[in-house]
Amino acid sequence: MANFAYVCFTKKALRWYEELDEQTRNDWRLLRGAILAKYTTPPQSPSIIPSSAPASTSLPGSAHHISAAAPPTTSTVRRGRIRIDRQRNGGASYVSGKSSGVDETSCNSADNVADASVFEIDTISRTITSQAGGSRLAVRAYGEGWTLDPSKPKKPGGEYGALVRSFPGSKPSWPGTKLDDIWSVGPDGKIVASVKRSDGSLFNLEVAVYRNGAGAIYLQSDINEFIKYQGSRYQAAVSDSSLTLSRV
């Protein structure tokens, strides 16, 4: 448990965590005690706890009523880092890569959580936007005319896409169809990239990253097919993975 707790820290909390001794960082019981000591406050005594306001009150001698505020609406935006969980060899990395500000750029995977970008997922528009700079995550097919639809015929060697950051009207990194309104996130934080066919049905994209070190992030409907087609170049370096939103 202690090994996974660090992904929840950011900014001042991350610096506080990194200053803890190694024994505390690696022992969940000690880490939990340190967190409670740092971030909890003693409960207030009953005499100073304010009572809840009534739903509706009347001013003396007046027919006017003061109604309680309406409950807040549920947000459609979720915020966090995007963790890439490797299924074959274990371990995790994070979606990184800085935007140039105007041009489309490729995303990379980063093993260090400090290098991870923070994103906002809008569950209504099905988009993911970087909190810093406002670039939007998209999947761009790696070749002009390529399709990621598993039901469509493909050229020998397979057809796949890569994860990029882009702005409206930004120059494409390379020719190829761009898909950006494809993201959804479940209650467990799992992120799914689902693409709509012309008939309205959906198919999901799977993720591949370099096994060791930073590198590009690839997506295809069947990642085993991607590994098979890439052969000697990528088979030893790529593993199928899943995306998870880690809260900050």
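As a basis for the values below, the full set of heavy atoms in this structure was taken, side chains included, without hydrogen atoms, waters or symmetry mates. Only a predicted model underlies this, so the values are computations on that prediction, with no experimental measurement involved.
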Between R78 and I121 (side chain of the first, backbone of the second, donor and acceptor by atom type, cut-off under 3.5 Å), is there such a pair?
no
Indicate yes or no: at least one non-hydrogen side-chain atom of I191 is less than 4.5 angstrom from one of I82.
yes
Under a 4.0 Å threshold between the charged nitrogen and the carboxylate oxygen, would K171 count as salt-bridged to D103?
no
Under the criterion side chain to side chain contact (heavy atoms under 4.5 Å, CB included), I'd like the reasoning laid out for V164 against W174: C-alpha separation, chi angles, the key distance, then a yes or no.
CA-CA 11 Å; V164 298; W174 55 82; 3.8 Å; yes
Kindly determine whether V207 and I217 satisfy side chain to side chain contact (heavy atoms under 4.5 Å, CB included), including the steps that lead there.
CA-CA 7 Å; V207 183; I217 302 169; 3.7 Å; yes
Would you say S130's side chain and S135's backbone share a donor-acceptor pair under 3.5 angstrom?
no
For A141, give me all partners under side-chain contact (heavy atoms from CB on, under 4.5 Å), at least two apart in sequence or on another chain.
W146
Considering all heavy atoms of both residues, which atom of G161 and which atom of V139 are nearest to each other, and what is their separation?
CA-CG1, 4.2 Å
Ignoring hydrogens, what is the shortest heavy-atom contact between S221 and E206? Give both atom names and the distance.
O-CD, 3.8 Å
So which of T129, T127, T123 actually passes side-chain hydrogen bond (donor to acceptor under 3.5 Å, both in side chains) with S125?
T127
If two hydrophobic side chains count as joined below 4.5 Å and joins carry through other members, does L163 share a cluster with F203?
yes
Begin with the C-alpha distance, continue with both residues' side-chain angles, and end with the deciding distance and a verdict on side chain to side chain contact (heavy atoms under 4.5 Å, CB included) for L243 and W183.
CA-CA 11 Å; L243 302 177; W183 309 102; 4.2 Å; yes
For the residue pair D149 / T147, report whether a side-chain donor-acceptor contact shorter than 3.5 Å exists.
no
Could you tell me if the side chain of R197 sits less than 4.5 Å from the side chain of S151, heavy atoms only?
yes
Does R126 use its side chain to pair, donor to acceptor, with the backbone of S194 at less than 3.5 Å?
yes
With no hydrogens and no angle check, just 3.5 Å: does a side-chain donor-acceptor pair link R136 and S166?
no
Give the C-alpha distance, both sets of side-chain angles, the deciding distance and a yes or no for side chain to side chain contact (heavy atoms under 4.5 Å, CB included) between Q131 and R79.
CA-CA 9 Å; Q131 189 178 21; R79 177 173 168 266; 3.0 Å; yes
Hey, is the main chain of F167 close enough, under 3.5 Å, to the side chain of E104 for a donor-acceptor pair?
no
Has R140 got a side-chain atom pairing as donor or acceptor with G176's backbone, closer than 3.5 angstrom?
yes
So do the side chains of I128 and E120 get within less than 4.5 Å of each other, counting heavy atoms only?
no
Which heavy-atom pair separates D115 from S96 by the least distance, and what is that distance?
O-OG, 2.8 Å
List the atom of G145, the atom of E159, and the distance in Å for their closest heavy-atom pair.
O-OE1, 4.5 Å
Could D85 and K190 be called an ion pair, given the rule that one side-chain N must be under 4.0 Å from one carboxylate O?
yes
Test side chain to side chain contact (heavy atoms under 4.5 Å, CB included) applied to L148 and L219, L179, T177, V195, the passing residue:
L179
Using the rule side chain to side chain contact (heavy atoms under 4.5 Å, CB included), only one of S106, S170, S117 pairs with R165; which is it?
S117
Where do C107 and L137 come nearest, in terms of heavy atoms and distance?
SG-CD2, 3.6 Å
dist I84:CD1 -> S93:OG (nearest 0.5 Å) comes out at 4.0 Å
